[in-house]
Amino acid sequence: VGMGMNRVKIAIVVALAQHGGSLTTRELVAALGGEVANTTIARNLQELEDYGYVTGDLPPDGRRRRRTVWKLHHAHLHTDLRALIQATTPTAEDD
């Protein structure tokens, strides 16, 4: 499982989930309490998009200075989280 998660990415997916799975970049900045720099959010959104956990409604080359709406892909995220849990759960052989 190549999730590449950090606290910012986790905060982004939690914020998206808490707001119906979809937010603009500006709304996401507000949902995170303004505590994370816009550039950090943008970089982490791109990485989440590379993993397929979110998508923007605009193509990557058309986002500069334009309102992008980000959508969370729950099913894909949950599949990878289940795989991570399975991979890290001790088996009877580990005892």
- Gap between atom CG of Asn44 and atom CG of Asp50 - 0.5 Å precision: 11.0 Å
- Interatomic distance, NE2@His76 vs CG@Leu81, rounded to 0.5 Å, equals 10.0 Å
Should [X] and [Y] count as side-chain neighbours, where that means a heavy-atom distance under 4.5 Å?
| X | Y | result |
| --- | --- | --- |
| Asp80 | Leu84 | no |
| Gln18 | Leu23 | no |
| Leu28 | Leu45 | yes |
| Leu72 | His74 | yes |
| Met5 | Leu48 | yes |
| Asn6 | Lys9 | yes |
| Thr68 | Trp70 | yes |

To check you understand the geometry: which heavy-atom pair defines the closest contact between [X] and [Y], and what is its length?
| X | Y | value |
| --- | --- | --- |
| Val69 | Ser22 | CG1-OG, 3.1 Å |
| Ala31 | His19 | CB-CE1, 3.9 Å |
| Arg67 | Asp57 | O-OD1, 4.1 Å |

- Item | Residues forming a side chain to side chain donor-acceptor pair (under 3.5 Å) with Thr40, sequence neighbours excluded | none
- Mind telling me whether Tyr51 and Tyr53 have parallel, tilted or perpendicular rings, with 30° and 60° as the class edges? parallel
- Arg63: what forms a salt bridge (Lys or Arg N to Asp or Glu O under 4.0 Å) with it, not counting sequence neighbours? Glu49
